[in-house]
Amino acid sequence: MTASLRSTACNPLTLLESSSTLREVHQIHCQLLVRGLLGDPPYLSKFVAILALSQNNPHHLPYSRLVLAHSPSPPTVFALNSLIRAHSNTSSDPLQAFHFYRQILHSPSLSPDNYTFTFLIRASSNLPTAAAAASAATHAAALTRGHELQDPDIVTKTAMVGAYAAAGEIDAARKLFDDIPHRDDIAWNAMIAGYSHVGRSKEALELFSSMQIVGVSVSEATIVSVLTACAQLGALDQGRWAHAYIQKNKFQLSVTLGTALIDMYSKCGNVGRAMEVFRSMPEKNVYTWSSAMSGLAMNGAGKQCLEIFDLMEKKELKPNEITFVSLLRGCSLTGLVDKGLEYFDSMKSKHGIEPWPEHYGCMVDMYGRAGRLEEALNFINNMPFKPHAGAWGALLNACRIHRNIELGELAQSKIMDIEVMNDGAYVLLSNIYAEFRNWKAVSTVREVMKGKGVRKEPGCSVIEVSGEVHEFLVGDKSHPMYCKIEAMVGEINGRLKVAGYEARTNEVFFDIEEEEKENAVSWHSEKLAIAYGLIVLNEGIPIRIVKNLRVCWDCHDATKFISKVFDREIVVRDRNRFHHFKDGLCSCKDYW
DNA sequence: GTTCACACTC
């Protein structure tokens with residue numbers, strides 16, 4: 001042993017930080033007892049804190065609780081704060097944090113401080129339900145105001161902004177944020193992250209530009225949230241800008257930042273660039289690999305997705321559940337059924353990972369898309385737990401693709417047993433009836449929906465033009481350039497007709513309100529967005545659209561024609577994958 | 001001490 005190592009070893013607490021087995025911890029604990037160091041409350045607190053926050057072994061946290069419970073001297077706020085922090089970070093039971101909080105409140109000699117509240121708020125935001133988290137956050141806020149903490153510091157307030165956002169109370173978070181007198185960069189980051197997190201991406205980007213106008217410094221965390229927002233919106237221009245910002249300001253390409261970049265490029269349809277980032281990253285973790293795989297899968301590069309996974313195995317990196325969701329989706333979207341089954345079986349046998357309902361859903365989807373409906377049904381019937389709505393949903397979607405009414409009706413009724421208000425299930429079933437031109441059945445489904453108060457989620461498409469995001473809804477007339485857009489849709493329809501395109505109206509009859517039925521085909525939101533793109537984007541610039549729902553057959557056909565007739569590349573990201581349209585063809589090969 | 005990354009039948 002070298003001299004420097006020996007001197008480190010002399011400090012038991014330093015040694016404790018790297019201990020990964022309970023045996024080592026026992027030895028250090030004994031040593032401290034023998035040397036009488038634990039009689040000193042600050043020393044004891046430090047011991048408890050290091051142990052509680054150690055990520056080396058899941059048994060360290062319970063052990064730290066025992067140490068504190070059996071100590072002769074009363075706990076300090078520091079020790080209890082550390083336990084609250086430990087339970088707010090990693091514990092699967094954040095409610096435990098409140099147990100230690102009560103201990104502070106009940107002790108006559110202790111009172112909570114700003115640290116206590118910061119960690120408690122963090123614990124609140126990790127509670128399982130949004131309602132619980134919201135009420136806990138409110139509680140913490142009330143306590144903070146009622147307490148001698150008349151003026152909670154900016155750290156506590158920032159944590160509260162994050163807690164409200166995590167609870168889905170984003171407007172309450174914004175109110176808190178606006179009330180912080182001297183907002184620092186971290187407070188701005190928390191608010192931007194909050195918007196990104198709940199999917200209010202446009203507001204995230206708007207707040208980011210205000211942040212720059214005010215002149216607050218931009219950090220890695222800011223850019224990560226901005227990239228997340230760009231990914232959700234499919235805002236490639238702004239995402240590229242953020243990437244350039246990273247390079248110009250010489251930010252280190254950390255694992256988090258690189259992963260966010262991969263995700264952004266993938267979700268903006270530029271998977272080639274995503275893979276360049278992936279290859280250039282000096283350090284990667286399971287998030288990085290999973291993101292790359294998911295990006296390849298959603299862009300239809302199933303083979304490469306599998307290659308990445310094989311490479312990961314070769315490097316003996318441990319995949320997690322999400323890696324397998326990405327992998328199985330890759331297999332599913334490219335029709336690699338047998339390979340998919342092999343991977344699915346290897347989850348348990350080779351990697352010791354118990355499949356989630358989502359993995360079963362992917363398998364059902366995989367068999368179903370391939371037209372192997374009986375096997376898909378078998379897979380559902382042999383699930384080790386009660387099939388969730390998603391498994392039946394995958395089957396129902398397969399029944400739509402492969403036109404199977406009987407099985408479709410079964411799947412739909414199973415979904416109704418689980419989720420009465422599942423609008424997607426009604427729409428899929430009615431689309432199956434429509435394929436068979438059974439309008440009576442279509443209108444029955446419609447009546448049932450009406451009777452139960454189920455509404456179809458409205459279609460919405462967004463397009464980014466020179467860094468600005470434009471949103472279109474079905475039949476939306478609110479855009480300032482609506483007149484020109486309307487004229488362009490007319491031109492599109494005219495030129496498509498000449499080119500031999502015929503509208504398929506089967507599916508759309510159900511999609512919109514009765515009175516709009518006539519024009520429905522022309523007015524699906526992506527058509528408005530494409531028309532707008534044709535008006536404002538110069539020739540040769542691809543039109544990129546992001547849609548919240550699945551593309552309907554008609555729009556898919558029409559977009560193929562548009563790509564040929566207008567000689568324009570069109571990239572559409574629908575609810576779960578990309579369609580790259582060029583010269584009258586689509587990258588999905590009509591398989592989605 | 002506070003802010004940041006992967007998926008999900010649709």
Would you say that A/Phe309 contacts A/Cys305 through its side chain, given a criterion of any heavy-atom pair below 4.5 Å between the two side chains? no
Centroid-centroid distance, A/Phe177 to A/Trp188, less than 6.0 Å: yes
Side chain of A/Val224 (C-beta onward), nearest among B/dT3, B/dC10, B/dC4: B/dC4
Looking at every strand, decide which applies to A/Thr256 at a 4.0 Å heavy-atom threshold: base, sugar-phosphate, or nothing. base
To the nearest angstrom, the CG-P distance between A/Asp365 and B/dA7 comes to 16 Å
Under 3.5 Å, side chain of A/His351 to main-chain N/O of A/Lys318, donor-acceptor pair present? no
Return no unless some side-chain N or O of A/Lys267 is found under 4.0 Å from OP1 or OP2 of B/dA7. yes
Can you find a side chain N or O atom of A/Thr158 that sits less than 4.0 Å from OP1 or OP2 on B/dT3? no
Establish, yes or no, whether a centroid distance under 6.0 Å links the rings of A/Phe119 and A/His87. no
Does the separation of the ring centres of A/Tyr360 and A/Phe379 fall below 6.0 angstrom? yes
I need the CD-C1' distance between A/Gln252 and B/dA5, as an integer number of Å. 17 Å
What's the closest nucleotide to the side chain of A/Ser225 if the choices are B/dG1, B/dC4, B/dA5? B/dC4
Quick one: label A/Asn285 by what it contacts on the DNA or RNA (base, sugar-phosphate, nothing), any heavy atom closer than 4.0 Å. base
Atom pair distance, as rounded to whole Å: CG in A/Leu261 and P in B/dC4: 17 Å
Regarding the side chain of A/Phe119, the nearest nucleotide among B/dA7, B/dG1, B/dA5 is B/dG1
Measure from the side-chain heavy atoms of A/Tyr287 and tell me the nearest of B/dA7, B/dA5, B/dT3. B/dA5
Could you check how far CD1 of A/Ile84 sits from P of B/dT2, rounded to whole Å? 14 Å
In whole Å, I'd like the distance from the CG atom of A/Asn189 to the C1' atom of B/dC4. 8 Å
Counting heavy atoms from C-beta on, name the nucleotide in B/dT9, B/dT3, B/dA7 closest to the side chain of A/Cys362. B/dT9
For a quick check, tell me whether the side chain of A/Asn397 and the base of B/dT9 share a donor-acceptor pair closer than 3.5 Å. no
Donor-acceptor pair, distance only, cut-off 3.5 Å: does the side chain of A/Asp365 make one with the backbone of A/Gly361? no
Looking at every strand, decide which applies to A/Trp356 at a 4.0 Å heavy-atom threshold: base, sugar-phosphate, or nothing. base
Considering only heavy side-chain atoms of A/Ala221, the closest of B/dA7, B/dT3, B/dG1 is B/dT3
Per atom distances to the A/Ser291 side chain, the nearest of B/dA7, B/dA5, B/dC6 is B/dC6
Nearest-nucleotide pick for A/Glu220, side chain only, options being B/dC4, B/dT3, B/dC6: B/dC4
So what does A/Thr228 touch, heavy atoms closer than 4.0 Å: a base, only the sugar-phosphate, or nothing? sugar-phosphate
Quick note, A/Asn422 side chain, CB onward, closest among B/dA7, B/dT9, B/dA5 is B/dT9
Students often get this wrong, so: under 4.0 angstrom with heavy atoms, is A/Ala193 touching a base, only sugar-phosphate, or nothing? sugar-phosphate
Does A/Arg329 have a side-chain nitrogen or oxygen under 4.0 Å from the phosphate oxygens OP1 or OP2 of B/dC8? yes
Here the distance between atom P of B/dA7 and atom CG of A/Asp263, to the nearest Å, is 5 Å
